[in-house]
Amino acid sequence: MSSKLYPDAQSALSGLTADNITVMSGGFGLCGIPENLIVGLRDSGAKNLTVIGNNVGCDEHGMWLVLANNQIRKVLASYVGENKILESRYMSGDIEIEFNPQGTLAERIRAGGAGIPAFFTRTGYGTAVAEGKETRQFNGEWYVMETGLTADLSLVKAWKGDTAGNLVYRKTARNFNPMIATAGKVTVAEVEELVPAGTLDPDQIHTPGIFVQRMIVGKSYTKHIERLTTRAREKN
Amino acid sequence: MSSKLYPDAQSALSGLTADNITVMSGGFGLCGIPENLIVGLRDSGAKNLTVIGNNVGCDEHGMWLVLANNQIRKVLASYVGENKILESRYMSGDIEIEFNPQGTLAERIRAGGAGIPAFFTRTGYGTAVAEGKETRQFNGEWYVMETGLTADLSLVKAWKGDTAGNLVYRKTARNFNPMIATAGKVTVAEVEELVPAGTLDPDQIHTPGIFVQRMIVGKSYTKHIERLTTRAREKN
Amino acid sequence: MAWTREQMAARAARELRDGFYVNLGIGIPTLVANVIPQGMTVTLQSENGMLGMGPFPYEGEEDADLINAGKQTITELPQTSYFSSADSFAMIRGGHINLSILGGMQVSETGDLANWMVPGKMIKGMGGAMDLVAGVKRVVVVMDHCEKSGESKFRQICSLPLTGKGVVDLLVTDLAVFEIDRKGSGATLVELADGVTLDEIKAKTEATFAVRLG
Amino acid sequence: MAWTREQMAARAARELRDGFYVNLGIGIPTLVANVIPQGMTVTLQSENGMLGMGPFPYEGEEDADLINAGKQTITELPQTSYFSSADSFAMIRGGHINLSILGGMQVSETGDLANWMVPGKMIKGMGGAMDLVAGVKRVVVVMDHCEKSGESKFRQICSLPLTGKGVVDLLVTDLAVFEIDRKGSGATLVELADGVTLDEIKAKTEATFAVRLG
């Protein structure tokens, strides 16, 4: 089998980026984002992108780089604060934003990867989120029908990966990455550490290699912390 | 917090079993079944049970014990071969069986635990499984609407568990156990090994403790193999 | 005299029970973590994918891969588990979390909650709030009783866009506590902040409510 | 002369491609695992929750916690991963498996497949077959061309209850190979077993088919 491993983001994204495609990217805020692949997406110059993810970076970081480079036309996200460029382009109508409740977004992506075109959820019933959507009662409760989401290209970040494409995430950097890995027509993963197949415990793989078509070992991680919050040490 | 740990199956099931309840039980064939809790369910004598699981044991083993004790009225399963008592009671009309495609059954249980009352799947479209169910086209393909499943009582088997109720499964003994753990009003788990909280890697927990209300350390595992298949050693 | 933020958090904390799994929103609800009664085991969920949230890290021990839903650095505990956002909201939507304590902009007497957007202002998004109020078994909202303008935030009908319809079970304000029946049989004043009178509540509340003071 | 079971498996194995993820059914399809071409990496999925299925264990090394969907003891490989049944069928239903090779009782010229029950006989259940044919990108059925009675199993319309409607892409029998268009534009005879004539196929086949023999 030809290797899934590519030397860098540029080569891994070669042939996968194009104008008007839909791109999903893992991460919650700046935690667990595919930093190297986002730079590669920016450098590809692909325009009119639809970007799906919980957030769209924040000022100077993450998917903000692609946004600032005028490559994004539409966003599906649950929260887009701390992002001045997005704010101004949204207010001016240059970018469309479809707000999704976070759990609905996560489940829509999971459904897309799992071959489920639609499902019902209580979330958003009676709110603006349900407008224009089918609502229905089950067991006396009202639910909203939501549809599955897929992408032309999924970008994910894992902690460790093996040569078969199996991935393991670390702590809350897991977040949206596992579902996004399943919902891309092509999924490219970046990992902090590459290990030989057989190194990871097969009971403990978060994303089986079947979902990963290409991968790179990421470099120079910033891992910018948005809200550094600490407590003082107790005095001895 | 009062401990989730009980000394044995009888005490762990105390107050949870009753006639006419719905019970889900993990396992694929006899692999990963909650052997001790099934014996406890049999000994409870609860009757007219609806049992949900991929199978209903096989001759002399697993949920067959509850079946042979005349406690089951209805079964939801994907495959019920190798079970003579079930066969005869099904043919005589004493037991009702609702056959579910295996993936539909797995997803219905996952949906039940995840607060999703219904979803659409291609599986079964144009077959007897779709009879009486809503069908609908999405993107030019036909799908069948299936509903979520929950249970009054879920019984699962894990390899290791900690005192917070976190569970880890082993190899293909995982199967239906993780979803079933989420879909019970009350979930009782049996584990082969109990470890203190903090022992299991928090990145590697298959079932978070929130889903487990009671647990026991199982004893005397049979782990009967249905189809022992081996290959001869190469000669030196 | 109105309750302070800390007193409001302490009142909300009285809704905790031993063994509860709880999700705390941003703002005053976060303070509830500091006043969990001694000897009571409460496990905090963070909807970005963590059960068993520990305190903030000591200076220098922060881990960029370990944040809460408010994007603050936190720590793990012996019982901690991590999972994906899909699994996290399956847990929430499936009714497995016992209690959610959230902030609010407006609450209605039928339990509607508005806390995610103000028309005309930049919309930042609802994050996980809509999922939490739709999925968690019991929802407690903690908010000031009135706007700075003096307008009541506890209303007959919310004027702001809703986060959820018929989702609030208990409202803790700086002046009082109300039980709300999600099924629409009304709100009941059950407690007054120290030194606050029933007349003051009546004057400052737009919502209709019954009175059942201990 | 009709193909043997091994020859049928070898013909089905020609549908494998390097890098494919494949699910093999019980019976003749299982034999495909023995004839994967040298140098080709094919990863076998077992729908009970495993990717990267290895060979049967050596005697005495069997593990009751490690079985395939046919409930046979198996082994793991360096690339193996385990997952739940829900995750396994999400993988299948989501179209991530490249190829499924299954046995059949009847196939129709429009790609319908019947392989799970015979009216009047005990129903054992469909297991994962309905999910596999509905979800896998390309479905190959391997079955005898005729019943022992001589009746054709490749038919205009299946008389047995269906496993899936319009789901079969290729039919390999002991006598011939047919391409089937799922969208209903018909079946095409593309290959004959050694020594089998077109006239024999015409005589033994109830289905309508075009002919395009290499």
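Letters go in sequence order (proteins before strands), and every chain restarts at 1. As a basis for the values below, the full set of heavy atoms in this structure was taken, side chains included, without hydrogen atoms, waters or symmetry mates.
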Check: Centre of B:Tyr221's six-membered ring, under 6.0 Å away, within 45 degrees of the axis: is that where NZ or CZ of B:Lys157 sits?
Finding: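 Output yes; distance and angle both within limits.
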
Next item on the list: Let me know if B:Glu107 has heavy atoms under 4.5 Å from chain A in its side chain, its backbone, both or neither.
Entry: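 Answer is side chain: those atoms of B:Glu107 sit under 4.5 Å from chain A.
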
Next item on the list: For a ring pair (Phe, Tyr, Trp, His ring centres under 6.0 Å) with B:Phe120, tell me which candidate from B:Tyr143, B:Phe138, B:Tyr125 qualifies.
Entry: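 That would be B:Phe138.
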
Notebook entry, point to check: Counting heavy-atom pairs under 4.5 Å to chain B, which of A:Arg136, A:Arg174, A:Arg122 comes out on top?
Noted result: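 Going by pairs under 4.5 Å, I would pick A:Arg136.
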
Notebook entry, point to check: Is the shortest distance from a Lys or Arg side-chain nitrogen in B:Glu146 or B:Lys133 to a carboxylate oxygen in the other one below 4.0 Å?
Noted result: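 Looking at B:Glu146 and B:Lys133, the cut-off is met.
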
Next item on the list: Sort A:Glu141 into side chain, backbone, both or neither according to what part of it lies under 4.5 angstrom from a heavy atom of chain B.
Entry: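 No part of A:Glu141 comes within 4.5 Å of chain B.
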
Item checked: Considering all heavy atoms, the nearest A:Arg108-A:Asn100 contact ->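 Nearest pair, atom of A:Arg108 first, then A:Asn100: NH1-OD1, 2.8 Å.
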
